[in-house]
Student: 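One structure is given below, represented as structure tokens, and several questions about it will come after.
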Amino acid sequence: MTARPRRSEREQLELFRALPSDLAPRDAQDLMAYPFFSLSKSHRVEPIDFRTGEIAIRVEAVPEHGMATIWDADILIWAASQIVEARDNGFRTSRLIATTPYQILTFIGRGTGARDYRRLRAALDRLQSTTVATTLRQPPANPRSRNEPNSVAPATGRRTHRFSWINEWTERADAFGNPDGIELIVPDWFYKAVLDEALVLTIDRAYFGLTGGIERWLYRIVRKHGGRQKRGWRFDFQHLYVKSGSLSPFKRFAFELRAIIQRQPLPGYSLFLEIEAGGRTLLAFEPAPCGQAVEAVVLSGTRTIVPSGTDPSCYREPKPHLTSSAESGNRPLNLESNKESNFCRGGHSGENHSPTHRKEDERRQQTAVSERDDDAVSKSGPARTGAGDAS
């Protein structure tokens, strides 16, 4: 009796044809909160190795293509947007998606020339060749396997899931051999995260216009943690450096963060520089007053563009301090949610604490949450500074 040949993954999946690209861009929260991509356009082969608590992430690249970049991740944003839109409209979705390069490129704000098509193919190659091993959203591991030498995260107590951002992709052709788009298969890990409403966030379409890798990464961090925090959020620079997976020296990374605070490029959010009494430098952010970035000039009705100088408005000329509220001191720590991504009072941000230290941090967090806001503000030290004072 001969064994039946195994069907390929493509044959087992139902084909989902992409919808028109005029839809809201949506991003997976897991990809927004953790270092999964290179922040540089240069060829990176050095792995990303990130660990905190029970979460371990290792991203590896092959020399031929290099690691997938944060610009390549735009294709995954397109895929997430397609899957969520189809589900919300009652269409059957699948990990096997048929589309055209034109649909992807126009959705992510790219050109549609021959050079853009070649870059899209290169991005698909990097997404397919980059491998990720993570314990994120994985069940507990077998206790006997924790000490296995090949385990990515032997001390986390979680199983490891290994995948590539795109399982495979191919160029389609019609019956006459003419190009007829492309097909790609997204991994099950990504597909399950996208189908869970709690793990997807709508992002501003202006994100695709951000040109810097750190700017793009920072917007996703801000959108993930500050989306519903009316009083903003705070990270210290060292913690952000660890979460970025950047290869730049910390001093260079901190310099670029200060420059971003000066430019205020993130759509929908205002950034601030805060310095604690002990000297620790913090990046604070909060939603912009009118939900969009502030513009320096507006059309005045004259033949030229002049500063508006009007009363408070989304389109007023920004003042040097760029502070939207009357607060003059650092605000208290946000400890009521996202504990795993926020820093702890008295701890060194970005460092992985031992289990004993984590218990002490949790106890301190519970105490801090019960304090009055005005008492926390009085302890936070010198006043925040805006973009004009960041240099």
Side-chain angles (χ1 to χ4, degrees), residues 7-21 23-38 48 57-62 65 67-89 91-108 110 119-138 160-172 181-203 207-208 220:
R7 299 172 61 192
S8 68
E9 184 178 26
R10 180 185 300 273
E11 294 174 337
Q12 298 177 39
L13 296 172
E14 183 176 351
L15 183 65
F16 164 62
R17 296 188 179 276
L19 304 175
S21 294
L23 44 88
R26 297 173 172 97
D27 203 353
Q29 291 192 44
D30 291 341
L31 277 60
M32 301 167 77
Y34 297 101
F36 283 109
F37 303 98
S38 170
I48 295 175
I57 297 170
R58 183 172 176 83
V59 185
E60 299 174 319
V62 297
H65 299 292
M67 183 177 294
T69 70
I70 198 165
W71 292 271
D72 300 337
D74 289 356
I75 298 174
L76 298 178
I77 294 176
W78 170 84
S81 306
Q82 285 286 334
I83 294 170
V84 173
E85 185 74 12
R87 180 203 60 192
D88 292 348
N89 285 277
F91 298 111
R92 182 174 296 180
T93 64
S94 172
R95 294 194 292 116
L96 174 60
I97 306 174
T99 185
T100 64
Y102 180 85
Q103 282 184 293
I104 298 177
L105 291 171
T106 54
F107 179 83
I108 62 179
R110 309 281 178 88
R119 288 180 172 177
L120 177 63
R121 293 187 182 96
L124 291 169
D125 285 339
R126 283 190 293 270
L127 289 169
Q128 183 181 7
S129 62
T130 298
T131 59
V132 179
T134 181
T135 60
L136 190 60
R137 292 190 292 104
Q138 297 306 300
T160 298
H161 191 119
R162 183 179 289 273
F163 59 92
S164 296
W165 291 118
I166 292 179
N167 287 11
E168 62 177 86
W169 74 278
T170 184
E171 294 179 313
R172 295 159 50 94
I182 59 176
E183 290 180 0
L184 56 90
I185 302 176
V186 297
D188 185 61
W189 185 91
F190 172 79
Y191 186 70
K192 288 181 178 179
V194 168
L195 286 181
D196 186 343
E197 292 182 2
L199 296 178
V200 176
L201 287 175
T202 301
I203 63 174
Y207 165 79
F208 297 118
R220 299 172 90 186

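In what follows, every heavy atom counts, from backbone to side chain, and hydrogens, waters and symmetry copies are set aside.
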Student: Return the CD1 to CG distance between Ile203 and Asp27, rounded to the nearest 0.5 Å.
Tutor: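 Answer for the CD1-CG pair, Ile203 versus Asp27, is 5.0 Å.
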
Student: So Thr99 and Trp78, do their side chains get closer than 4.5 Å, heavy atoms only?
Tutor: yes

Student: Are Glu183 and Leu96 close enough that some pair of their side-chain heavy atoms sits under 4.5 Å apart?
Tutor: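 In contact.
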
Student: Side-chain contact, heavy-atom cut-off 4.5 Å: Leu23 with Phe107?
Tutor: yes

Student: Are any side-chain N or O atoms of Ser129 and backbone N or O atoms of His65, one a donor and one an acceptor, separated by less than 3.5 Å?
Tutor: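 Side chain of Ser129 to backbone of His65, a donor-acceptor pair under 3.5 Å: no, none is there.
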
Student: Minimum heavy-atom separation for Ala24 and Thr202, please, with both atom names.
Tutor: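 The pair with the smallest heavy-atom distance is CB-CG2, 4.2 Å.
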
Student: Main chain of Ala61, side chain of Thr130: is a donor-acceptor contact present, judged purely on distance under 3.5 Å?
Tutor: no

Student: In chain order, what residues pass the salt bridge (charged side-chain N to carboxylate O under 4.0 Å, His left out) check against Asp30, with sequence neighbours excluded?
Tutor: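 Once residues adjacent in sequence are excluded, the partners of Asp30 under the salt bridge (charged side-chain N to carboxylate O under 4.0 Å, His left out) criterion are Arg137.
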
Student: I'd like to check Phe16 versus Gln82 (side-chain heavy atoms, cut-off strictly below 4.5 Å). Are they in contact?
Tutor: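 Yes, close enough: below the 4.5 Å cut-off.
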
Student: So, taking the atom named CD1 in Ile70 and the one named CG in Leu31, what distance separates them when rounded to the nearest 0.5 Å?
Tutor: 9.5 Å

Student: Could you go through the side-chain contact (heavy atoms from CB on, under 4.5 Å) check for Phe163 and Thr134 one step at a time?
Tutor: CA-CA 9 Å; Phe163 59 92; Thr134 181; 4.0 Å; yes

Student: Give me each pair satisfying salt bridge (charged side-chain N to carboxylate O under 4.0 Å, His left out) with a member in residues 71-84, each pair once, sequence neighbours excluded.
Tutor: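 Matches after skipping sequence neighbours: Asp72-Arg126, Asp74-Arg110, Asp74-Arg216.
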
Student: Which of these, Ile48, Leu127, Thr131, sits in a side-chain contact (heavy atoms from CB on, under 4.5 Å) with Met67?
Tutor: Ile48

Student: Do the non-hydrogen side-chain atoms of Ile182 and Ile104 ever get within less than 4.5 Å of each other?
Tutor: yes

Student: Quick one: does Tyr207's side chain get under 4.5 Å of Ile77's, heavy atoms only?
Tutor: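 Yes; the side chains approach each other to less than 4.5 Å.
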
Student: Closest approach of Gly181 and Pro101, non-hydrogen atoms and distance?
Tutor: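 Heavy-atom minimum between the residues: CA-CD, 4.2 Å.
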
Student: To the nearest 0.5 angstrom, please state how far the OG1 atom of Thr93 sits from the CD atom of Glu85.
Tutor: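 Going from the OG1 atom of Thr93 to the CD atom of Glu85 covers 12.5 Å.
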
Student: Taking the side chain from Thr100 and the backbone from Gln103, do they hold a donor-acceptor pair closer than 3.5 Å?
Tutor: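 Confirmed, Thr100 side chain pairs with Gln103 backbone.
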
Student: So, does Arg87 use its side chain to make a donor-acceptor pair with the main chain of Leu195 at under 3.5 Å?
Tutor: yes

Student: Using 0.5 Å steps for rounding, measure from the CD1 atom of Ile108 to the OG atom of Ser81.
Tutor: 11.0 Å

Student: Check for a donor-acceptor pair, side chain of Ser94 on one end and backbone N or O of Glu14 on the other, with a separation under 3.5 Å.
Tutor: yes

Student: Please report the shortest heavy-atom distance between Leu15 and Ala98, naming the atom on each side.
Tutor: CD1-CB, 3.7 Å

Student: Just wondering, do Phe36 and Leu76 contact through their side chains at under 4.5 Å, heavy atoms?
Tutor: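 No, every pair of side-chain atoms sits at 4.5 Å or beyond.
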
Student: Indicate yes or no: does Asp125 engage Arg121 in a salt bridge with an N to O separation below 4.0 Å.
Tutor: no

Student: When rounded to the nearest 0.5 angstrom, what distance separates OH in Tyr34 from CD in Gln29?
Tutor: 10.0 Å

Student: May I ask you to test the Trp165-Ile75 pair for a side-chain heavy-atom distance under 4.5 Å?
Tutor: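 They are not in side-chain contact.
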
Student: Mind checking what makes side-chain hydrogen bond (donor to acceptor under 3.5 Å, both in side chains) contact with Arg17, not counting sequence neighbours?
Tutor: none

Student: Please report the interatomic distance CG(Asp188) to NE2(His161), rounded to the nearest 0.5 Å.
Tutor: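 One finds 6.0 Å between CG of Asp188 and NE2 of His161.
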
Student: Quick check: does any side chain N or O of Arg95 sit under 3.5 Å from a backbone N or O of Pro187, one acting as donor and the other as acceptor?
Tutor: no

Student: If you compare all heavy atoms of Ala133 against all heavy atoms of Thr160, which two are closest, and at what distance to 0.1 Å?
Tutor: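 The pair with the smallest heavy-atom distance is CB-CG2, 3.9 Å.
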
